[in-house]
Amino acid sequence: VLLLGCPLAGRAQNYDESKAGTYVLPELLQTESKEKIDNAKDWETKRRPELLALFEEHVYGRMPASYDKIGFRLTRVDPAAMQGRAILKEVEITVTEKSDSVKINLILFVPAGRKKPAPAMLLINNRSRRNTLASRDSVSGFWPAEQVIASGYAIAAFHYSDAAPDNKDTYQQGVLRLYPELARADDGMKAVGAWAWAASRAMDYLVTDKDIDARKVGVVGHSRGGKATLWAAAQDQRFAICFSNCSGNTGAALSRRNFGESVAVINRQFPHWFNNNYKQYNDNEQALPVDQHMLIALMAPRPVYATNATKDLWADPTGTFLAIKHAEPVFALYKQPSHLPAVPPAPDTPVTRPPLGYHNRTGVHDLTFFDWAQFVRFADAYYAK
Ligand code: GTR
């Protein structure tokens, strides 16, 4: 009891909306030198690069500037997968830097019998590898390949541990092995950066595949994977759409709200996710030069879909809605009016009209058939334009 009033004890987790606190978000449309931004060109040449650099320095870490070589090896092609409804490809992506290399295994199903290249969804798989087995032995909503294929989309995935094991002691045993300078630096990327980087390497392959319409590749991720999708798509503008499912703290939820997971809690539990600099914001979110609405705004004018689940208060559904809502001014610079309501929509009432999509699904922290069905509706609406 004595510890409760002690600042060193850190903040207790709050789930009471009336205690979410008051906060002032950093200005989206004003540069660090206090210049107001009121058009897309200034956003792109001044504020956008500045924000990318701030997220790099203070949150996700610097990324590798290049690699020496990338190779793609088709280890398997099955032209009659899913009872003839899909073409299956398994691709080994090898990235070489100096004398070392890392392998990322990509699995891809493309709808069969198409005349035109297919739009695609790429999942950063942060759950069991079973979800994305080529055999389709266990069908789950986490990667419902059959459902997505039936909707006319190709579906791809790689397992995040190929890029960085999700463990504070071994996370450097992937991509970071190739970049020892980044691995040592306080502003260098850690696991979330490595997962995002790997999504871009998967994209490097997808742009070479004639069955894929490379202008229509959306990146999908759940929770920690959803944090990585936002960072991947913010930087790599080849991703047409970003889907961030239940991504919560340092994902699509505002950090300054005192609700659910906090920066201190995430940094203590997962010291290997964000860069070392980010630790200085433990119980000190108001000192951050950014907040997560800015990460979403970095996608503009490309659309973003964020989700939550009603029983996943840890990931702050209201704070997620507010983050995408606060990104609206940048989409407005591109004449992309938002169709989000003024207040969070009721559970299971998806907003699937681009550029900003959102739903709060009834249920628990998960990625489900329902979530993917909304992603397809959102993508359909965007590509039909
Ligand atoms: C939790 C973590 C969340 C989220 C989640 C997940 O333990 O606190 O930020 O990333 O794991 O990835 O499922």
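Start at 1 and go down the list; that is how both ligands and their atoms are numbered.
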_Side chain R257, main chain A20, donor-acceptor under 3.5 Å_ = no
*Of N245, D312, L367, which meets side chain to side chain contact (heavy atoms under 4.5 Å, CB included) against T307?*
N245
*Please answer: with hydrophobic residues joined when any side-chain heavy atoms are less than 4.5 Å apart, are F370 and F142 in the same cluster?*
no
*Pair F375 and Y305, ring centroids less than 6.0 Å apart*: yes
_I need the minimum non-hydrogen distance between S255 and Q292, along with the two atoms involved._
OG-CG, 3.8 Å
_With a 4.0 Å heavy-atom cut-off, what residues sit around ligand 1?_
S223, R224, K227, E261, I266, F270, W273, W314, H365
*Step through the shown structure and confirm whether more than 12 heavy atoms of other residues, nucleotides or ligands are within 6.0 Å of CZ on R215.*
no
